[in-house]
K.L.:
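Have a look at this one.
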Number of protein chains: 2
Amino acid sequence: MNHQQMDKRKLRGENSKQKIIQSAKLLFVEHGFKDTTISLISKTAETAYGTVYTHFPGGKDEIFLNIMDEILDRFYLIADMNFVVTSKEESLTFTRNNIKSFLDLALEHQQILKVFHEAIGLSHIINQKWSTFVNNYISKIAENIELAKVRGLTREEAIDSEIIAGMLFFTGEKYMWKIALRSTNKEVETISENLAKMYVNGLYK
Amino acid sequence: MNHQQMDKRKLRGENSKQKIIQSAKLLFVEHGFKDTTISLISKTAETAYGTVYTHFPGGKDEIFLNIMDEILDRFYLIADMNFVVTSKEESLTFTRNNIKSFLDLALEHQQILKVFHEAIGLSHIINQKWSTFVNNYISKIAENIELAKVRGLTREEAIDSEIIAGMLFFTGEKYMWKIALRSTNKEVETISENLAKMYVNGLYK
DNA sequence: AAAGAAGTTGATATAATGTCAAAATCTTTT
DNA sequence: AAAAGATTTTGACATTATATCAACTTCTTT
């Protein structure tokens, strides 16, 4: 028999892998990225030190990326929301809602995002993962700005779409981290409203 | 005799300290923050490992902060440029110039800022140092926005000064790091112009 | 000249990472 | 069903970095 269900080794392996992921999840949230050692993870997962490396050759970074993957997917869903500009008013509504979705997601995953923030500073590979997302998001916004330019909706023709897009995104991102680190007491609504208004008033006629 | 110049021990100590700082400066720029080890610094400075810790009990972090101090002072000079709003036009000019000064400074100190960026992610104390600067700068901008509000120059009364200030500062900061990391080919002028225009058009009547 | 202070030295304790050969467990082949 | 082969587990080991500290050297004061 060649069925997967019959292969006890694969099953045992998958079980170890899951125990490692689940333990790591708890430990990361409790102790942060740096202070969660492979040794601690292996003990909590009730497995040997070396086992962690057979399942995650990339060590802690790879474990964490594995944990972050599903959350990142949800961020991509927001970044990929399609929008085609037709008017300043519509743009305001869309922008406000988009920022709000983004920050609500941050609120929902506050604990792990705090760890993510720490990990971005400590791990090059994790940093790259986030950079890819950032660049994607900014490109989408910039595309929309270009479209608005072509349609004659913007104040000026000479603006640099990427820089303007960055102005919106980077500030939203900063507030995302502030929410994750609990270093702001501003409401998601307040932030979305202010950013969206400034963006739209600055950009559109 | 109790003169400082006569105390050979103090002199020797100060000499060691300077050799450590100068060696560290070169090594940080060459190898980055993490890969510049205390061991390497002590060897380059032609001193013993332990000597580094007598002069810098805080280790690498303290050495780096020592190096950054004079550069941070120059950033504070820009943050402390006084400006009192009287009109939208004046604000545009001031904002544009302020951002430009900021980014020019980044360009001037590109190499060490790259290390600084890495160090912020790795050292809590270095991170705090920068945070203090950031909060200072944002407060200054926010004060000006409040003033503009009172003078009836802004589009709306209901805006949150801190968030709007953040929009300007955080984007400027991001481009500062991009310049340090050489991850943008945009001109300082282009960036300043775009940010200043968006800021002023978004905020003022 | 002796006592004391300041700075230097490098060995040592500690802690984390990643690797690997041997062992254990399970599957396939003969 | 025994042997051979494949997969996973194990924990000891090599490596590397940090921070500490007692002994030592150098200089100053008594």
Side-chain angles (χ1 to χ4, degrees), chain A residues 1-21 23-24 27-28 31-66 115 118-119 121-126, chain B residues 1-21 23-24 27-28 31-66 115 118-119 121-126:
Chain A
M1 273 161 244
N2 206 10
H3 292 59
Q4 289 180 313
Q5 294 157 319
M6 289 295 106
D7 195 328
K8 284 192 180 178
R9 287 178 309 193
K10 282 256 163 71
L11 227 64
R12 191 166 53 122
E14 193 53 35
N15 190 258
S16 297
K17 194 169 178 176
Q18 288 310 318
K19 278 201 296 180
I20 290 165
I21 291 178
S23 304
L27 292 168
F28 278 138
H31 302 109
F33 188 77
K34 197 183 179 184
D35 292 347
T36 298
T37 63
I38 301 290
S39 173
L40 187 58
I41 293 172
S42 67
K43 271 171 204 150
T44 308
E46 290 170 307
T47 187
Y49 186 88
T51 304
V52 175
Y53 279 94
T54 75
H55 292 293
F56 302 96
K60 229 160 62 165
D61 295 10
E62 195 181 338
I63 299 174
F64 190 72
L65 282 182
N66 204 295
V115 184
E118 185 196 354
L122 294 171
S123 153
H124 191 247
I125 203 165
I126 292 175
Chain B
M1 278 161 238
N2 206 10
H3 292 60
Q4 290 178 313
Q5 295 158 317
M6 289 294 107
D7 195 329
K8 283 193 182 178
R9 288 179 308 194
K10 281 257 164 70
L11 226 62
R12 192 166 52 121
E14 194 52 38
N15 190 257
S16 297
K17 193 169 177 175
Q18 288 309 317
K19 276 200 296 181
I20 290 164
I21 291 178
S23 304
L27 292 169
F28 278 138
H31 301 110
F33 189 75
K34 197 182 180 187
D35 292 347
T36 298
T37 63
I38 301 290
S39 173
L40 187 59
I41 293 172
S42 67
K43 269 171 205 150
T44 309
E46 288 170 310
T47 186
Y49 186 89
T51 305
V52 176
Y53 280 93
T54 74
H55 293 292
F56 302 96
K60 228 159 65 165
D61 294 11
E62 196 181 338
I63 300 174
F64 190 72
L65 282 181
N66 205 296
V115 184
E118 185 196 353
L122 294 171
S123 153
H124 191 246
I125 204 165
I126 292 175

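This one's a predicted model, so the numbers in the text were calculated from it and none came from an experiment. Every chain is numbered from 1, with letters handed out A, B, ... down the list of sequences.
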K.L.:
Take atom CZ of A/R12 and atom P of D/dA6, then tell me their distance rounded to the nearest Å.
P.N.:
17 Å
K.L.:
Give a yes or no on whether a donor-acceptor pair under 3.5 Å exists between the nucleobase atoms of C/dA5, that is its base, and the side chain of B/R9.
P.N.:
yes
K.L.:
Do B/T36 and B/V115 come within less than 4.5 Å of each other through their side chains, counting heavy atoms only?
P.N.:
no
K.L.:
Is there side-chain contact between B/H55 and B/T47, with heavy atoms separated by less than 4.5 Å?
P.N.:
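No, too far: nothing below the 4.5 Å cut-off.
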K.L.:
Rounded to the Å, how far apart are A/I38 CD1 and D/dT10 C1'?
P.N.:
16 Å
K.L.:
Between B/K8 (NZ) and D/dT28 (P), how many Å, whole number?
P.N.:
7 Å
K.L.:
Rounding to an integer number of Å, can you tell me how far B/K10 NZ sits from D/dT28 P?
P.N.:
11 Å
K.L.:
Atom CZ of B/F33 and atom CG of B/D61: how far apart are they, to the nearest 0.5 Å?
P.N.:
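Separation between the atoms: 4.5 Å.
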K.L.:
What residues in residues 39-59 of chain A put a non-hydrogen atom under 4.0 Å from any atom of DNA chain C?
P.N.:
A/Y49, A/Y53
K.L.:
How about CD on B/E46, more than 12 heavy atoms from neighbouring residues, nucleotides or ligands closer than 6.0 Å, or not?
P.N.:
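Check fails, neighbour count at 12 or below.
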K.L.:
Using the side chain to side chain contact (heavy atoms under 4.5 Å, CB included) definition, which of the options A/K17, A/K19, A/Q18 pairs with A/N15?
P.N.:
A/K19
K.L.:
Starting from C1' on C/dT25, measure out to CG on A/L11 and report it in whole angstrom.
P.N.:
13 Å
K.L.:
So which heavy atom on B/F28 is nearest to which on B/K60, and how close?
P.N.:
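What the structure gives for the nearest pair is CZ-CG, 4.0 Å.
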K.L.:
Taking 4.0 Å as the cut-off, does a side-chain nitrogen or oxygen of A/K60 come that near to OP1 or OP2 on C/dT17?
P.N.:
yes
K.L.:
Quickly work out the A/E62 CD to C/dG18 C1' distance and round it to whole Å.
P.N.:
13 Å
K.L.:
Rounded to whole Å, how long is the line connecting atom CD of B/E14 with atom P of D/dC27?
P.N.:
16 Å
K.L.:
Without decimals, in angstroms, what is the distance between B/D35 CG and D/dT15 P?
P.N.:
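About 19 Å, once rounded to whole Å.
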